[in-house]
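Computed from a predicted structure; not experimentally measured. Computed over heavy atoms, backbone and side chain alike; hydrogens, waters and symmetry mates excluded. So you know, we letter chains A, B, ... as the sequences are listed, proteins then strands, and number each from 1.
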There are 2 protein chains.
Amino acid sequence: MTQTDKPRTLDRIDRTILDTLQKDGRISNVELAKRVNLSASPCIDRVRKLEQDGFIEGYGAKLSASKLGLGTAAFIQVTLDRTTGAVFDQFRDAVVNIPEVAECHMVAGGFDYLLKLRLSSMEAYRAVLGRIVDLPGVLQTHTYVVIEKVKQDSGLPV
Amino acid sequence: MTQTDKPRTLDRIDRTILDTLQKDGRISNVELAKRVNLSASPCIDRVRKLEQDGFIEGYGAKLSASKLGLGTAAFIQVTLDRTTGAVFDQFRDAVVNIPEVAECHMVAGGFDYLLKLRLSSMEAYRAVLGRIVDLPGVLQTHTYVVIEKVKQDSGLPV
DNA sequence: GTTGATACAGAAGTAAATGCTGCATTTTAG
DNA sequence: CTAAAATGCAGCATTTACTTCTGTATCAAC
């Protein structure tokens, strides 16, 4: 009895609120109310409820990676030496503490982890790769440098 | 002369503002001013400047993928048949219109595109994969289903 | 030393957020 | 089918926040 999404039904207005806040998360409540054709009070009631029910996990600014000197991205496939079960935990604990690692996913099919890196340059990549291959249990890695970001949705994690 | 980050220097307060808004993008300006030890007016001046200079690209709500029935994620490597140059454009135009495709990156090394999918189920995956392999120029694909999200930073695109 | 530019705090007017009351529509029970 | 209860909404009043302006301090250039 810890999760399994409650039987909460989102009506059309709730969907519009989520959609609007996903695209424009810092508009005022009255502005949001106008866009969803509601007055201010029921609008904020719905937003509070969506937050409490977990549909909205938080709000954040979308920063420019290139402006902040993190214009290079790369994916690294990592295969672990699976002789001991502790290897996975050790790898995870280590990788979350590498700031350049923007994402880390455990995947099924061929290798074990897929990492997404945000970097300032290829020199930075070399340094980070050195740290990753030295992590305990890392058997081999394969890097794919991003040449062009074709599509990037925002708002939903995972 | 189209990009190459302007010689704008971010001081400590700017960094704190970006950091604060990245984690909590819907706090009021006075609350933000308190956290960065500034009064309201210079605080909003800085935020406006950071927006105009492109450091802040926007604001958005972080929605719960599992609550919205999109708890499954997968990566798909796509290799194209590179006989014609138009193939790349055709593929990109088509893939951005598939809503399940959350990200699409053109990569160097081994294959051509890496796609990140957000899905409701494995049935949905089957349907989307069918659409992708039928796109013009697609030679082969390889899918890696995400078993566990180990790390996910937010705020910075790419 | 003077000028100019930048960054800040404080105050005033405006706008928004919050909480309350009442009304309308829908649900549930009888 | 009717009556009671619940839900969802708009409107209003109070509190709070936002916005713009003005004045002052700091720093750099001349």
Side-chain angles (χ1 to χ4, degrees), chain A residues 1 3-64 66-70 154-156, chain B residues 1 3-64 66-69 154-155:
Chain A
M1 209 178 285
Q3 67 316 347
T4 52
D5 300 358
K6 293 171 193 172
R8 167 95 150 74
T9 50
L10 263 46
D11 64 10
R12 195 154 211 337
I13 300 177
D14 288 321
R15 298 249 168 220
T16 311
I17 288 175
L18 290 179
D19 202 53
T20 305
L21 285 180
Q22 184 175 358
K23 292 173 190 158
D24 224 340
R26 209 176 157 74
I27 58 174
S28 70
N29 181 54
V30 297
E31 174 63 26
L32 177 64
K34 282 180 198 165
R35 296 200 197 174
V36 302
N37 295 318
L38 228 61
S39 68
S41 29
C43 184
I44 198 152
D45 285 346
R46 282 171 179 266
V47 173
R48 297 276 177 265
K49 197 175 288 183
L50 289 168
E51 289 170 357
Q52 286 171 12
D53 291 351
F55 289 94
I56 298 175
E57 297 177 343
Y59 303 91
K62 302 167 197 165
L63 307 183
S64 166
S66 62
K67 280 279 182 182
L68 295 171
L70 293 170
S154 56
L156 285 170
Chain B
M1 206 180 285
Q3 66 318 339
T4 53
D5 301 357
K6 293 171 191 169
R8 166 93 150 75
T9 50
L10 264 44
D11 64 9
R12 193 154 212 335
I13 299 177
D14 288 323
R15 297 249 169 221
T16 311
I17 288 175
L18 290 178
D19 201 53
T20 305
L21 285 180
Q22 184 175 359
K23 293 172 189 160
D24 224 341
R26 208 176 156 75
I27 58 173
S28 71
N29 181 54
V30 296
E31 174 64 26
L32 177 64
K34 282 179 198 166
R35 296 200 197 175
V36 301
N37 295 319
L38 228 60
S39 68
S41 31
C43 183
I44 199 151
D45 285 346
R46 283 171 178 266
V47 173
R48 298 274 178 266
K49 197 175 288 183
L50 289 168
E51 290 170 358
Q52 285 171 13
D53 291 351
F55 289 94
I56 298 174
E57 296 177 343
Y59 303 91
K62 302 166 197 166
L63 306 184
S64 167
S66 61
K67 280 278 181 181
L68 296 171
S154 56

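The pair A:Asp11-A:Arg46 meets the salt-bridge criterion, with a side-chain N (NZ, NE, NH1 or NH2) lying under 4.0 Å from an Asp/Glu carboxylate O. Remark: A:Lys23 engages A:Asp19 in a salt bridge, criterion side-chain N to carboxylate O under 4.0 Å.
Using modelled atom types, one side-chain atom of A:Lys67 and one backbone atom of B:Asp53 make a donor-acceptor pair closer than 3.5 Å. Without hydrogens or angle criteria, A:Arg26 side chain to B:Ser28 main chain gives no donor-acceptor distance under 3.5 Å. No donor-acceptor pair closer than 3.5 Å links the side chain of A:Asp24 to the backbone N or O of A:Ile27.
Rounded to the nearest 0.5 angstrom, B:Leu68 CG and A:Leu10 CG are separated by 7.0 Å. To the nearest 0.5 angstrom, B:Asp45 atom CG is 9.0 Å from B:Ser39 atom OG. Going from atom CD1 of A:Ile56 over to atom CG of A:Leu18 covers 5.5 Å, rounded to the nearest 0.5 Å.
With a cutoff of under 4.0 Å to any heavy atom of chain B, the contacted region of DNA chain C is bounded 5' to 3' by C:dA7 to C:dG10.
Comparing the helix axis at one end of the helix from C:dG1-D:dC30 to C:dG30-D:dC1 with that at the other, each defined from 5 consecutive pairs, gives an inter-axis angle of 40° (nearest 10°).
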For this session: Would you mind building the protein contact string for nucleotides 12-29 of chain D? One character per nucleotide, 5' to 3', B for base within reach (heavy atoms under 4.0 Å), S for sugar-phosphate only, - for untouched.
Result: -----SSBB---------
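Side-chain contact between A:Arg35 and A:Thr16: absent, with no pair of heavy atoms (C-beta onward) separated by less than 4.5 Å.
For the residue pair A:Glu51 / A:Tyr59, a side-chain donor-acceptor distance below 3.5 Å is found, with atom types taken as modelled.
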